[in-house]
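All values below come from the heavy atoms of this structure, side chains included, with hydrogens, waters and symmetry mates left out.
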Amino acid sequence: MFQRIHAVAALLLVATPALAQVPPELIDKIAAIGRVSDPAKTAPLYAPMHAKEPYAGVKVTRDVKYGPHERNTLDLFVPEGAGAGRPIFMFVHGGGMVRGNKRPPDSPFYDNIMLWANRNGMVGVNIEYRLAPASPWPAGQEDIAMAVRWAADNATANGGDANRIYLMGHSAGATHVATYVGHPEFHAPKALAGAMFSSGGYDLTKIEDESEGRNAYYGSDRSLYAQRSALPGLVKSTIPFMANAAELDPPWMVEQLEQLKSAMCASTRGCIRTLLQPKHNHMSQSYAINTSDTLLSDQILAFIKSGK
């Protein structure tokens, strides 16, 4: 298994040349956390790099309702003095399908991603969504559809362009976003301009690791996993998307990235932009956005600019 994972990593690194930009003083600390998702140990490494509220030059509106459930809320970040027609950058947090929120108390995450979007001329929309087991499949996709509809309907009022909505998810959020993209039956009336999947799951049938959250959301009947997976629909989708993972992600996430990459390269659509981030772990890749470590954010901007 160890050799197989590193062979996958080598393949992805060759396909997407990149230099590690993790601050040197953090490399060993991140490595010591291991190939796990550990926000409690990773967040303190990056929190000092980020601004604290109030944020200069940004109008922040918290907990805007986009749907009927108490978790159907979003945080809206609009650059002060913003003109019209800006791209809209939406973010979906992770949490294993059963936990997580858009902004933990006294945390700079995931405001950091919204501030990065503002710095780069975009309106930021950070969404909360319903969680399993109370809200199983397809609640996540339904909530994303409602949030995208809200962003489109309110684009002009917030200086945004409804025709340029980009949707990014991390971890379980990436799985939700990929599943939304891959299942057009859930799509909002306004099509996405692009999507970004960061350390998600795309083919549920190929994930060997047992997950309480995955079972809580998708159900215990694994015979349904093929049709509920994102991958079959992603291969057919016309929505542009890119995908990334971290070198120190849990191994199955790197395998899922490689599987997605291979499937897309073998499809009529062709290869997509992919990135395996050296020296990063599951959480640090998102926590690093809006710092001097621009490896992932530069790739996102290049994707938005080029459409591929």
Side-chain angles (χ1 to χ4, degrees), residues 8-9 11-21 87-94 110 113-114 116-117 120-122 124-125 144 148 163-184 187 191-203 229-247 249 253-278 280 282 284-290 293-308:
V8 169
L11 173 64
L12 290 167
L13 285 169
V14 169
T16 312
L19 296 176
Q21 296 185 19
I88 299 170
F89 192 89
M90 305 182 69
F91 181 74
V92 184
H93 65 81
Y110 294 97
I113 297 177
M114 299 294 96
W116 167 83
N120 288 281
M122 295 180 277
V125 177
I144 288 173
V148 171
N163 293 311
R164 292 195 290 167
I165 298 176
Y166 296 90
L167 180 64
M168 176 182 179
H170 171 247
S171 193
T175 304
H176 278 314
V177 170
T179 306
Y180 173 80
V181 172
H183 284 263
H187 288 182
L192 296 175
M196 306 86 176
F197 318 142
S198 184
S199 297
Y202 315 110
D203 185 350
S229 291
L231 187 58
L234 293 177
V235 172
K236 302 174 184 177
S237 177
T238 59
I239 297 173
F241 57 85
M242 63 168 283
N244 73 280
E247 181 182 13
D249 256 326
M253 293 182 178
V254 178
E255 291 182 336
Q256 286 282 297
L257 176 62
E258 207 287 319
Q259 185 182 352
L260 174 63
K261 172 184 168 61
S262 297
M264 294 309 301
C265 285
S267 72
T268 56
R269 174 169 165 175
C271 297
I272 61 168
R273 183 185 296 265
T274 59
L275 171 68
L276 186 70
Q277 291 180 265
H280 271 290
H282 185 63
S284 67
Q285 56 186 330
S286 292
Y287 294 166
I289 293 177
N290 207 37
D293 181 351
T294 62
L295 180 56
L296 175 56
S297 56
D298 283 349
Q299 289 290 320
I300 294 172
L301 288 176
F303 167 76
I304 291 173
K305 183 177 180 179
S306 67
K308 58 183 181 181

Scanning both residues in full, the closest heavy-atom pair of Ala174 with Gly169 reads CB-O, 3.2 Å

Looking only at atom types and distance, does a side-chain atom of Thr175 sit under 3.5 Å from a main-chain N or O of Gly201, one as donor and one as acceptor?
yes

Does the side chain of Gln285 pick up a donor-acceptor pair with the side chain of Asn244 at under 3.5 Å?
yes

Quick one: are Ile300 and Trp116 in side-chain contact, heavy atoms under 4.5 Å?
yes

Ignoring hydrogens and geometry, is there a side-chain-to-backbone donor-acceptor pair from Gln256 to Ser199 under 3.5 Å?
no

For residues Met168 and Val177, determine if any side-chain heavy atom of one lies less than 4.5 Å from a side-chain heavy atom of the other.
no

CE-CE distance between Met114 and Met90, expressed to the nearest 0.5 angstrom:
9.0 Å

With rounding to the nearest 0.5 angstrom, report the CG to CD1 distance, Leu192 to Ile88.
11.0 Å

Can you tell me how far apart CD (Gln299) and CG (Leu275) are? Round to the nearest 0.5 Å.
5.5 Å

Just how far is it from atom OG1 of Thr274 to atom CG of Leu257, taken to the nearest 0.5 Å?
5.5 Å

Do Asn120 and Pro87 have side-chain heavy atoms sitting under 4.5 Å apart?
no

Distance, nearest 0.5 Å, that separates CE of Met196 from CG of Leu296
9.5 Å

Closest heavy-atom contact between His282 and Ser171?
NE2-OG, 2.8 Å

What is the distance from atom OG of Ser286 to atom NE2 of His280, rounded to the nearest 0.5 Å?
9.5 Å

Distance-only criterion, 3.5 Å: show the donor-acceptor pairs between side-chain atoms of residues 229-239 and protein atoms not counting sequence neighbours.
unit_1 : atom_1 : unit_2 : atom_2 : d
Ser229 : OG     : Leu204 : N      : 2.8
Ser229 : OG     : Tyr225 : O      : 2.6
Ser237 : OG     : Ile239 : N      : 3.0

Should His170 and Ile113 count as side-chain neighbours, where that means a heavy-atom distance under 4.5 Å?
no

Heavy atoms only: give me the nearest His187-Tyr180 pair and the separation to one decimal.
NE2-O, 2.8 Å

Please examine the side chains of Ile272 and Leu260, heavy atoms only from C-beta on, and report whether any two atoms are closer than 4.5 Å.
yes

Just checking, any donor-acceptor pair under 3.5 angstrom between side chains of Thr179 and His183?
no

Non-neighbouring partners of Phe197 that pass ring pair (Phe, Tyr, Trp, His ring centres under 6.0 Å), sequence neighbours left out
Tyr202, Phe241

Would you be so kind as to tabulate the donor-acceptor pairs closer than 3.5 Å made by side chains of residues 301-308, with sequence neighbours excluded?
unit_1 : atom_1 : unit_2 : atom_2 : d
Ser306 : OG     : Ala302 : O      : 2.8
Ser306 : OG     : Lys308 : N      : 3.2
Ser306 : OG     : Lys308 : O      : 2.8

State, to 0.1 Å, how close Glu247 and Pro278 come at their nearest heavy-atom pair, and which atoms those are.
OE1-CA, 3.4 Å

